[in-house]
Amino acid sequence: MNPILNTALKAARKAGDMMIRASRNLDAVKTDSKAFNDFVSDVDRTAEAILVDALKEAYPHHKITAEEGGSQGKSTAEYEWIIDPLDGTTNYLHGHPQYAISMALLHKGVLQEALVYAPERNDLYMASRGKGALLNDRRIRVSSRIELNRCLIGTGFPVVDQSMMDTYLAILKDFLAKTAGGRREGSAALDLCAVACGRLDGFFEFNLKPWDIAAGALLVQEAGGIVTDMQGNESWLESGDIVAGNPKVLGQMLQIIAPHVK
């Protein structure tokens with residue numbers, strides 16, 4: 001493991017241990033609402049502080065962009081961390097174990113390192129640009145399915161910003177008619193990890209944030225998959241509209257989406 005990912009992992013495990021302890025008494029976890037269906041808890045904030053403090057100590061000249069604390073460090077920094085301390089907060093607050101810590105490092109705007117850690121399952125996903133993707137030290141690859149009607153597609157509902165709801169539901173209806181099924185599990189980071197290791201053949205969602213998708217997207221790419229926006233372009237990190245899948249399936253997914261987006 002390279003030193004950068006080793007530093008991130010130590011911090012993620014420390015934050016994950018805290019999450020597990022706090023989950024034993026969820027009634028004591030203080031929760032606020034940032035917006036409709038968008039929650040933040042003391043666990044989110046504590047986890048973020050653990051991660052940010054560790055990265056600042058190890059890499060004081062790196063910029064850090066985290067979900068709860070915004071951006072810290074010089075805007076001109078060559079390196080930038082993008083962090084979601086708890087992807088799947090709603091799941092966590094309901095005792096549903098589908099949540100993760102997501103950490104990605106960019107160099108001059110290009111994703112270089114990714115780590116997604118699911119504390120409940122002790123699953124660790126890691127990727128370095130050009131070096132492949134791993135789950136618990138085992139190399140992973142996207143699925144090899146070709147026929148869309150055999151594929152399982154992941155997605156996320158637009159529950160916070162519902163302006164795209166009608167478009168989303170129309171797309172989802174078409175996917176459900178042409179695939180083996182859909183899954184919505186509530187953590188975009190882990191959905192992308194599922195694509196990377198072949199549990200899902202594809203994934204799509206609108207209006208995500210960089211910290212939701214940065215690490216998972218690099219994992220998909222390093223596992224042999226493709227990541228685009230809804231038009232098949234590369235602006236997914238900026239727009240938050242993302243489609244990911246194995247190379248054979250992604251084009252078919254975009255064909256289903258195309259009539260619904262301009």
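We're numbering straight along the sequence, starting at 1.
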Checklist outcome for this item: With sequence neighbours left out, the residues meeting side-chain hydrogen bond (donor to acceptor under 3.5 Å, both in side chains) with Asn136 are Asp123

Checklist outcome for this item: Residue set satisfying side-chain hydrogen bond (donor to acceptor under 3.5 Å, both in side chains) with Lys56, at least two apart, ordered chain then number -> Gln72

Item to check | His96 side, atom NE2; Glu120 side, atom CD - distance, nearest 0.5 Å | outcome: 10.0 Å

Checklist outcome for this item: The reported gap from CG in Asp87 to CG in Asp44 (rounded to nearest 0.5 angstrom) is 10.0 Å

Item to check | Glu57 atom CD, over 12 foreign heavy atoms within 6.0 Å | outcome: no

Next on the checklist: Working note: Thr155 + Glu205, criterion side-chain hydrogen bond (donor to acceptor under 3.5 Å, both in side chains); need CA distance, chi angles, decisive distance, verdict.
Outcome noted: CA-CA 6 Å; Thr155 188; Glu205 189 168 353; 5.9 Å; no

Item to check | ILVMFWY cluster, Leu106 and Leu5 together (side-chain gap under 4.5 Å) | outcome: no

Checklist entry - Within a reach of under 6.0 Å around NE2 of His94, are more than 12 heavy atoms found that belong to other residues, nucleotides or ligands? => result no

Checklist entry - Does Leu192 share a hydrophobic cluster with Leu200, counting links as ILVMFWY side-chain heavy atoms below 4.5 Å and allowing steps through other members? => result yes

Checklist entry - Of all residues at least two apart in sequence or in a different chain, which pass the side chain to side chain contact (heavy atoms under 4.5 Å, CB included) check with Phe175? => result Ile153, Ile171, Thr179, Phe204, Met253, Ile256, Ile257

Item to check | Partner set under side chain to side chain contact (heavy atoms under 4.5 Å, CB included) for Lys209, not counting sequence neighbours | outcome: Trp211, Asp212

Checklist entry - Just how far is it from atom CG of Leu115 to atom CG of Leu134, taken to the nearest 0.5 Å? => result 11.0 Å

Checklist entry - Just wondering, more than 12 heavy atoms not from Arg184 lying within 6.0 Å of its CZ? => result yes

Checklist entry - Does Asn91 have any side-chain hydrogen bond (donor to acceptor under 3.5 Å, both in side chains) partners at least two apart in sequence or in another chain, and if so, which? => result none

Checklist entry - So which pairs with a foot in residues 187-204 pass salt bridge (Lys or Arg N to Asp or Glu O under 4.0 Å), sequence neighbours left out? => result Arg145-Asp201

Item to check | Smallest separation among heavy atoms of His107 and Gln112, with atom names | outcome: CB-CG, 3.7 Å

Next on the checklist: Under 4.5 Å between side-chain heavy atoms, counting indirect links through other Ile/Leu/Val/Met/Phe/Trp/Tyr residues: same cluster for Phe157 and Ile213 or not?
Outcome noted: no

Checklist entry - Lys108: what forms a side chain to side chain contact (heavy atoms under 4.5 Å, CB included) with it, not counting sequence neighbours? => result Glu78

Please report, to 0.1 Å, the donor-acceptor pairs under 3.5 Å made by any side chain of residues 223-231, with sequence neighbours excluded.
| from | atom 1 | to | atom 2 | distance (Å) |
| --- | --- | --- | --- | --- |
| Asp229 | OD1 | Gln231 | N | 3.0 |
| Asp229 | OD1 | Gly232 | N | 3.0 |
| Asp229 | OD1 | Asn233 | N | 2.7 |
| Asp229 | OD2 | Ser235 | OG | 2.6 |

Checklist outcome for this item: Contacts of Asn149 meeting side chain to side chain contact (heavy atoms under 4.5 Å, CB included) (sequence neighbours excluded), chain-then-number -> Glu147

Checklist outcome for this item: Exactly one of Ile101, Thr65, Leu55, Leu105 clears side-chain contact (heavy atoms from CB on, under 4.5 Å) with Ile83, and that residue is Leu55

Checklist entry - Quick one: side-chain hydrogen bond (donor to acceptor under 3.5 Å, both in side chains) partners of Tyr79, sequence neighbours excluded? => result none

Next on the checklist: Test question: given the 4.5 Å side-chain rule for I, L, V, M, F, W and Y, name all other residues clustered with Leu219, or answer none.
Outcome noted: Val116, Tyr125, Leu135, Ile140, Leu190

Only distances under 3.5 Å count here; give the side-chain donor-acceptor pairs of residues 12-27 to other protein atoms, sequence neighbours excluded, each with its distance to 0.1 Å.
| from | atom 1 | to | atom 2 | distance (Å) |
| --- | --- | --- | --- | --- |
| Arg13 | NH1 | Tyr117 | OH | 3.3 |
| Arg13 | NH1 | Asn122 | OD1 | 3.0 |
| Ser23 | OG | Ile20 | O | 2.6 |

Item to check | same_hphob_cluster(Leu51, Ile82) at 4.5 Å side-chain heavy-atom cutoff | outcome: no

